[in-house]
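As the structure is a prediction and not an experimental result, all values here were calculated from the model. Along the sequence shown, residues carry numbers from 1. Side-chain atoms are counted along with the backbone in the values below, which use heavy atoms only and exclude waters and symmetry mates.
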Amino acid sequence: MIAAICAVKNESDIIEANIRHLFANGIDLIRVSEGMSTDGTADILMDLKKEFRGNLHIIHDRSPIFHQAQIMNALVADIRRMSCDPEPSP
């Protein structure tokens, strides 16, 4: 399985094209953290989630502070749990 992670906020102009591009180029699973967008990004993601049943997962991050490292690490951990892959060797 090939997975991708994304953290987005107010990306309505590019989010659909990006998600479609990832799936069209062999990505099997996408996990997105959506950060309280005000431009319709969340709605676009929800429509895409219906289309890509089971392969697009959305987390609605309601924190007013963007902690990129924590968000990305959490997304990676989620992917690992979902795929049951062991931790990589050092």
Side-chain angles (χ1 to χ4, degrees):
M1 174 179 68
I2 301 173
I5 58 173
C6 307
V8 300
K9 181 173 183 176
N10 293 333
E11 304 284 353
S12 66
D13 57 333
I14 61 171
I15 192 63
E16 182 174 357
N18 281 318
I19 297 295
R20 291 188 184 285
H21 175 78
L22 290 168
F23 281 126
N25 284 282
I27 298 298
D28 301 306
L29 176 70
I30 303 173
R31 189 91 166 154
V32 179
S33 174
E34 190 284 312
M36 298 189 338
S37 296
T38 58
D39 68 345
T41 297
D43 295 331
I44 294 167
L45 284 169
M46 294 308 289
D47 288 343
L48 290 167
K49 182 178 178 178
K50 292 174 193 169
E51 181 178 340
F52 294 106
R53 296 180 208 117
N55 296 328
L56 177 60
H57 299 261
I58 303 162
I59 298 169
H60 297 282
D61 180 10
R62 297 298 175 227
S63 173
I65 301 170
F66 181 64
H67 296 286
Q68 184 173 7
Q70 291 171 338
I71 291 168
M72 300 309 272
N73 286 332
L75 291 171
V76 169
D78 287 346
I79 293 290
R80 283 192 181 130
R81 279 191 295 275
M82 293 171 77
S83 67
C84 299
D85 287 340
E87 293 282 330
S89 300

Give me the atom names and distance for the closest heavy-atom approach of I79 to A3. CG2-CB, 3.7 Å
Gap between atom CZ of R31 and atom CG of D78 - 0.5 Å precision: 4.0 Å
Return the minimal non-hydrogen interatomic distance between S33 and D61, and the atom names on each side. OG-CB, 3.6 Å
If you measure from CG on L56 to CD1 on I58, what distance do you get to the nearest 0.5 Å? 4.5 Å
Of all the heavy-atom pairs spanning N55 and F23, show the shortest one and how long it is. O-CZ, 3.4 Å
CZ (F52) and CD1 (I27) are apart, to the nearest 0.5 Å, by 12.5 Å
Inter-residue atom distance I19.CD1 - I30.CD1, 0.5 Å rounding: 4.0 Å
Judged by atom type as modelled, is there a donor-acceptor pair below 3.5 Å linking the side chain of D39 to the main-chain atoms of S12? yes
pair I59-L75: side-chain heavy atoms closer than 4.5 Å: yes
Separation between CD1 (I15) and CG (N10), nearest 0.5 Å, reads 11.5 Å
If only atom types and distance count, is the side chain of S37 paired as donor or acceptor with the main-chain N or O of A42 below 3.5 Å? no
How long is the straight-line distance from CD1 of I14 back to OG1 of T41, given to the nearest 0.5 Å? 8.5 Å
For R53, does the CZ atom sit with more than 12 other heavy atoms under 6.0 Å from it, leaving out its own atoms? no
hydrophobic_cluster_shared for L22 and L29, side chain cutoff 4.5 Å: no
Do other residues, nucleotides or ligands put more than 12 heavy atoms under 6.0 Å from the NE2 atom of H21? no
Taking all non-hydrogen atoms of both residues into account, name the closest pair between E34 and R62 and its distance. OE1-NH1, 3.7 Å
Any donor-acceptor N/O pair, D28 side chain to I2 backbone, under 3.5 Å: yes
